[in-house]
Enquirer: 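There's a structure below that I have some questions on.
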Amino acid sequence: MTTVLYITAHPFTSDTYSLSVGEQFIETYKETHPNDEVIHLDLYRMDIPQIDADLLRRWGQPPAGPSFEELSEESKAKAIRMNEIVEQFMTADKVVIVNPVWNYAFPPVLKTYFDAITVPGRTFTRANNGRRGLGGLTGTQQGKKVIHIQASGTVLSHGEFQDVEFSHSYIKATLKFLGIDDVQVIYVEGTSEKPDQAEAIKEQALQQAIQMAGTF
């Protein structure tokens, strides 16, 4: 069975530009892929441990640090939860990510999620090319397909403000780092710049979602 993670990063649960398009995409996807399993991850209502001192000390350990059995109960709970999140991502076949843009970037809860799934030895490993830094690392998640749905009041994908488009560009770069090259995007943008055209912009994105969901 094909598994799809439907990841939403918005404090609201409906009636926003990004969520409306995301919901349309998933509705159409379920209609056209009735045998697939869709799992909704509402990041604002999930337990996602942040990378704190406890988790940093655990990276790459043992032998340098304490074993799992030696951790405090709180640290054990964090480690278990982080493992659940990365395992869920690794076993998914397809991913749909939905977010608004705030202050040039996506909501911070989405960065917390990316931190949780970007794990050395799991979603990326050291390459056998002798290089150091990013060039010496390789992703392990080849074969996944991703759709990113992003809403912004300003047009960011091209034009005057393209150089401050830090949201989709970050997501695409991080997924590529994890080995995922098949990343498509639906922009719902310019709704604040052109409020008289906001509904038309939304409708265009909804139609794009319907078309792309059928072949995703």
Enquirer: Just wondering, do Tyr17 and Ser152 contact through their side chains at under 4.5 Å, heavy atoms?
Expert: no
Enquirer: Sub-3.5 Å donor-acceptor pair from the side chain of Lys144 to the main-chain atoms of Phe89, do we have one?
Expert: yes
Enquirer: Quick one about Gln24 and Thr28 (side-chain donor to acceptor, distance below 3.5 Å, no hydrogens or angles considered), yes or no?
Expert: yes
Enquirer: What pair of heavy atoms forms the shortest contact from Gly139 to Gln142, and how long is it?
Expert: O-NE2, 2.8 Å
Enquirer: What closest approach, in Å, do Ala205 and Val188 show between heavy atoms, and which atom pair accounts for it?
Expert: CB-CG2, 3.7 Å
Enquirer: Taking the six-membered ring where the residue is Trp, are the ring centres of Phe216 and Phe25 under 6.0 Å apart?
Expert: yes
Enquirer: Looking only at heavy atoms, which two atoms of Ala9 and Leu110 are closest? And how far apart?
Expert: CB-CB, 4.0 Å
Enquirer: Indicate yes or no: at least one non-hydrogen side-chain atom of Thr140 is less than 4.5 angstrom from one of Leu178.
Expert: no
Enquirer: With heavy-atom distances below 4.5 Å as the criterion, would you say the side chains of Ile171 and Val146 are in contact?
Expert: no
Enquirer: Closest heavy-atom contact between Val98 and Ser18?
Expert: CG1-O, 3.2 Å
Enquirer: Using the side chain to side chain donor-acceptor pair (under 3.5 Å) rule, take Gln211 and Gln207 through it: C-alpha gap first, then chi angles, then the decisive distance, then the call.
Expert: CA-CA 6 Å; Gln211 180 180 5; Gln207 293 304 313; over 6 Å; no
Enquirer: Go through the side-chain N and O atoms of Glu189 and Thr154 and say whether any donor and acceptor fall under 3.5 Å apart.
Expert: no
Enquirer: Considering all heavy atoms of both residues, which atom of His33 and which atom of Gly214 are nearest to each other, and what is their separation?
Expert: CE1-O, 3.6 Å
Enquirer: For Glu87, I'd like to know if atom CD has over 12 heavy atoms of other residues, nucleotides or ligands within 6.0 Å.
Expert: yes
Enquirer: Do Val96 and Val185 land in one hydrophobic cluster if side-chain heavy atoms of ILVMFWY residues count as linked below 4.5 Å?
Expert: no
Enquirer: Does one hydrophobic cluster hold both Leu5 and Ile117, with members joined at side-chain heavy-atom distances below 4.5 Å?
Expert: yes
Enquirer: Check whether Ile26 and Ile39 end up in the same hydrophobic cluster, where Ile, Leu, Val, Met, Phe, Trp and Tyr are linked by side-chain heavy atoms less than 4.5 Å apart.
Expert: no
Enquirer: Rounded to the nearest 0.5 Å, what separates atom CD1 in Ile85 from atom OH in Tyr113?
Expert: 7.5 Å
Enquirer: What is the ring orientation for Phe114 with Phe106, classed by angle as parallel under 30°, tilted 30 to 60°, or perpendicular over 60°?
Expert: tilted
Enquirer: Indicate, with yes or no, if Leu41 and Val183 share a hydrophobic cluster defined by side-chain heavy-atom contacts under 4.5 Å among Ile, Leu, Val, Met, Phe, Trp and Tyr.
Expert: yes
Enquirer: Walk me through it: do Val38 and Tyr29 pass the test side chain to side chain contact (heavy atoms under 4.5 Å, CB included)?
Expert: CA-CA 9 Å; Val38 177; Tyr29 184 88; 4.2 Å; yes
Enquirer: Could you measure the distance from the OG1 atom of Thr112 to the CD atom of Gln50? Nearest 0.5 Å is fine.
Expert: 4.5 Å
Enquirer: In Å and rounded to the nearest 0.5 Å, what is the OG1 to CZ distance from Thr13 to Arg45?
Expert: 6.0 Å
Enquirer: Under 30°, 30 to 60°, or over 60°: which ring-plane class applies to Phe124 and Phe177, parallel, tilted or perpendicular?
Expert: tilted
Enquirer: Do the side-chain N and O atoms of His10 and Asp42 include a donor-acceptor pair separated by under 3.5 angstrom?
Expert: no
Enquirer: Nearest 0.5 angstrom please: Glu37 CD to Lys94 NZ, how far?
Expert: 13.0 Å
Enquirer: Are any non-hydrogen side-chain atoms of Pro107 and Trp102 less than 4.5 angstrom apart?
Expert: yes
Enquirer: Verify the cluster assignment for Tyr6 and Ile210: are they in a single hydrophobic cluster under the rule of side-chain heavy atoms below 4.5 Å apart?
Expert: no
Enquirer: What I'd like to find out is whether the side chain of His148 reaches to under 4.5 Å of the side chain of Lys172, using heavy atoms alone.
Expert: no
Enquirer: Once rounded to the nearest 0.5 Å, what's the spacing between atom CD1 of Ile186 and atom CD1 of Ile149?
Expert: 4.5 Å
Enquirer: Does NZ or CZ of Lys111 fall inside the cone over Tyr170's six-membered ring, less than 6.0 Å from its centre and within 45° of the axis?
Expert: no
Enquirer: Report, as yes or no, whether the 6.0 Å neighbourhood of atom CG on Asn103 holds more than 12 heavy atoms from other residues, nucleotides or ligands.
Expert: no
Enquirer: To the closest 0.5 Å, what do you measure between CG (Asp182) and NZ (Lys145)?
Expert: 6.0 Å
Enquirer: With a 4.5 Å heavy-atom cut-off, do Gln150 and Glu165 have their side chains touching?
Expert: yes
Enquirer: For a 4.5 angstrom cut-off between non-hydrogen side-chain atoms, does Gln204 reach Ile201?
Expert: no
Enquirer: Is the closest side-chain donor-acceptor distance between Glu84 and Gln88 under 3.5 Å?
Expert: no
Enquirer: Would you indicate whether Asp47, at its atom CG, is surrounded by more than 12 heavy atoms from other residues, nucleotides or ligands within a distance under 6.0 Å?
Expert: yes
Enquirer: How far apart are the C-alpha atoms of Ile147 and Ile97, what are their side-chain angles, what is the distance that settles it, and do they pass the side chain to side chain contact (heavy atoms under 4.5 Å, CB included) test?
Expert: CA-CA 6 Å; Ile147 288 280; Ile97 302 170; over 6 Å; no
Enquirer: Going through the distances and angles, do Thr118 and Thr174 end up as a side chain to side chain contact (heavy atoms under 4.5 Å, CB included)?
Expert: CA-CA 8 Å; Thr118 307; Thr174 301; 4.1 Å; yes
Enquirer: Can you name the nearest heavy-atom pair linking Ile48 to Ala116, along with the distance?
Expert: CG2-CB, 4.1 Å
Enquirer: Just do the side chain to side chain contact (heavy atoms under 4.5 Å, CB included) check on Gln162 and Leu156 with the steps written out, would you?
Expert: CA-CA 5 Å; Gln162 187 175 10; Leu156 300 174; over 6 Å; no
Enquirer: Less than 4.5 Å apart, side chain to side chain, heavy atoms only: is that true for Asp93 and Val4?
Expert: no
Enquirer: Any chance CZ of Phe12 has more than 12 other-residue heavy atoms, nucleotides or ligands included, within less than 6.0 Å?
Expert: no
